[in-house]
**Q** 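Structure incoming, see below.
Excluded from the calculations below are hydrogen atoms, water molecules and symmetry mates; all remaining heavy atoms, backbone and side chain alike, are included. In what follows, chains are A, B, ... by sequence order, proteins preceding strands, each numbered from 1.
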There are 2 protein chains.
Amino acid sequence: MSTSSPARQQSEPKYWHLKTVLAQALDTEFSVGQTLPNERELAARFGVARATLRQALDQLELEGRLQRRRGVGTTVAPPRVGVDVSPGRHAGPAAEGGAWEAVDCAGSVPAAAVARDLGLPAGRPVRTVHRVLLAEGQPVATEQLYLSPGLVPAPGAAQERGPGPERARAVLDRLRTVPWDGQDRAVELGSAGAEDARLLDRLPGSPVLIVTTRYTAAGRTAAVAVATYRADTCRLTFGDREALTLTAG
Amino acid sequence: MSTSSPARQQSEPKYWHLKTVLAQALDTEFSVGQTLPNERELAARFGVARATLRQALDQLELEGRLQRRRGVGTTVAPPRVGVDVSPGRHAGPAAEGGAWEAVDCAGSVPAAAVARDLGLPAGRPVRTVHRVLLAEGQPVATEQLYLSPGLVPAPGAAQERGPGPERARAVLDRLRTVPWDGQDRAVELGSAGAEDARLLDRLPGSPVLIVTTRYTAAGRTAAVAVATYRADTCRLTFGDREALTLTAG
DNA sequence: GAGTGGTCTAGACCACCGG
DNA sequence: CGGTGGTCTAGACCACTCT
């Protein structure tokens, strides 16, 4: 890192250098949860425009090192929480650990790609279970579980009238009786929609990890789960590494 | 989308609405590979400042719908390519599909977290194999494979003198003879460092998916791979879904 | 109401790519 | 060289949270 090294690349952006300096400061001069000086003061201290400082903060937030809340301030984020997303051989969508909390069950129109996976025409509503994953008391993921028609019997009048969470749990119970063949998963980067952002206590457009799981039963895709994880606070784990199973790490 | 809907949320940001409009235009009026009007013209056309337009484009690029190249322009991106990252029971780090290309083998200092996984003191260099994953002719991921000392014998003088790729392949060959117990993986969001960005043909700071794999042999972590995937162009798949195995999907 | 981060503007200049 | 996206500025106002 000596400045005397010859023929360095031309013009390192200010925000990049700023990010490096800030990252080092976070390691040495701040502790988790501590509040940083406000953006206007930081910008002045470093002699840059606020927009430039924000570019550096944006990246640090993306890497999960900072947490910003409007009206409150910027704090040093704790290490990302590990969330186990292992396939688990013949487990169905309702067989996850106990941290998922059923929210509601209703009909909704899946995205075109999901409808295709289910072998249905686009635009048609299907029974959908909505769940939220809590880690350390905070919601870190939301999931929409789209069910193939006829997978579970139509709900009785009793459950249909009940409150949302109760209806959802009733459907999940029935899903446990389905003989599942297997599943496959995909992870990609996305940005939170308005609804997901609200549930995750983030701003719309925040980066999220989207996990799409296809569950197969009787030789075809019978359910598709689209889970949206906060990218700033979550690390998805596959395998037996230290992940939150019941209590937090 | 009717504006007459009552009690909508207060003040939708301009860039958010802009993103929605652009996303729809991409679906209906543009085809993959097509070049969009330049940013100054788009901003003028929508009656916003260029910075605001760029905020919308940033999100669309994050979602993998656009591809921007300095000095060239903004084009409509093809669908993300699926990359299989399935664990594969007792496979070692050298047992992947044929798309990985060995680049070099040298000594390097792993990050503190990696050193801890390997049971080594921080700051100590270890033998490291560097690989690049090509998909459709383009590099989409880079990987540093950190090896526990003593895992493979010191290289003979012949390989030590050879060019980088040859040295790397020689080490990978030796790794295939190691009896591996298993592995576990974690996926998280990060931003590309200067070196990774160069190899992936991206700007520093670009969002990447970081896959950390720990390989165990003889009951302990004997190798750690840190792979960096372009988040804009890659979808990581676990399972038997349509992923690129030999040729592209 | 005071203070924070989020949005937005209208410019300027720079780095890079292609012809 | 001209045109593109990338960086940067110095402001302004807004939405939100807390007191």
**Q** Does C:dG3 have its OP1 or OP2 closer than 4.0 Å to a side-chain nitrogen or oxygen of A:Asn38?
**A** no
**Q** If I take atom NZ in residue A:Lys14 and atom C1' in nucleotide C:dC13, what distance separates them, rounded to the nearest angstrom?
**A** 12 Å
**Q** Report yes if a side-chain nitrogen or oxygen of B:Thr74 is closer than 4.0 Å to either non-bridging phosphate oxygen (OP1 or OP2) of D:dT4; otherwise report no.
**A** no
**Q** Report the distance from atom CG of A:Leu36 to atom P of C:dG3, rounded to the nearest whole Å.
**A** 19 Å
**Q** Hey, is the side chain of B:Arg40 pairing donor to acceptor with the base of D:dG3 inside 3.5 Å?
**A** no
**Q** How many whole angstroms separate atom CZ of B:Arg68 from atom C1' of D:dG6?
**A** 9 Å
**Q** Charged N to carboxylate O under 4.0 angstrom, A:Glu101 versus A:Arg131?
**A** no
**Q** Respond yes when some side-chain nitrogen or oxygen of B:Thr52 is under 4.0 Å from OP1 or OP2 of C:dT9, and no when none is.
**A** yes
**Q** Counting heavy atoms from C-beta on, name the nucleotide in D:dT7, D:dT17, C:dC17 closest to the side chain of B:Arg50.
**A** D:dT7
**Q** Which nucleotide wins on minimum distance to the side chain of B:Tyr15, given the candidates D:dT9, C:dC8, D:dG5?
**A** C:dC8
**Q** Using atom CG of A:Leu18 as one end and atom P of D:dT7 as the other, report the distance to the nearest whole Å.
**A** 13 Å
**Q** Looking at B:Glu188 and A:Arg230, is there a salt bridge between them, counting it only when a charged N and a carboxylate O are closer than 4.0 Å?
**A** no
**Q** Among the nucleotides C:dC8, D:dC8, C:dG5, which one has an atom lying closest to any side-chain atom of B:Gln55?
**A** C:dC8
**Q** Pick the nucleotide of DNA chain C nearest each of B:Gly47 and A:Leu203; which residue has the one closer to the 5' end?
**A** A:Leu203
**Q** For the pair made of CG in A:Asp201 and P in D:dC16, what is the distance, rounded to whole Å?
**A** 13 Å
**Q** From the options D:dG5, C:dC8, D:dC18, select the nucleotide whose nearest atom is closest to the side chain of B:Pro13.
**A** C:dC8
**Q** Between A:Glu63 and B:Ser191, do the side chains contain an N or O donor and an N or O acceptor separated by less than 3.5 Å?
**A** yes
**Q** Which atom pair, heavy atoms only, marks the closest approach of B:Arg80 to B:Arg235?
**A** O-NH1, 3.6 Å
**Q** Please determine, for the side chain of A:Arg54, which listed nucleotide (C:dA15, C:dG6, C:dT9) has the closest atom?
**A** C:dG6
**Q** B:Arg69 near the nucleic acid: base, sugar-phosphate alone, or nothing, with a heavy-atom cut-off under 4.0 Å?
**A** sugar-phosphate
**Q** From CD of B:Glu41 over to C1' of D:dG3, roughly how many Å is that when rounded to an integer?
**A** 12 Å
**Q** What is the distance, to the nearest angstrom, from the CG atom on A:Leu42 to the P atom on C:dT4?
**A** 11 Å
**Q** Could you go through the side-chain contact (heavy atoms from CB on, under 4.5 Å) check for A:Val224 and A:Thr212 one step at a time?
**A** CA-CA 7 Å; A:Val224 175; A:Thr212 307; 4.1 Å; yes
**Q** Whole angstroms only, please: what is the CD-P distance between A:Glu12 and C:dA15?
**A** 13 Å
**Q** From D:dT9, D:dC18, C:dG5, pick the nucleotide closest to the side chain of A:Ala51?
**A** D:dT9
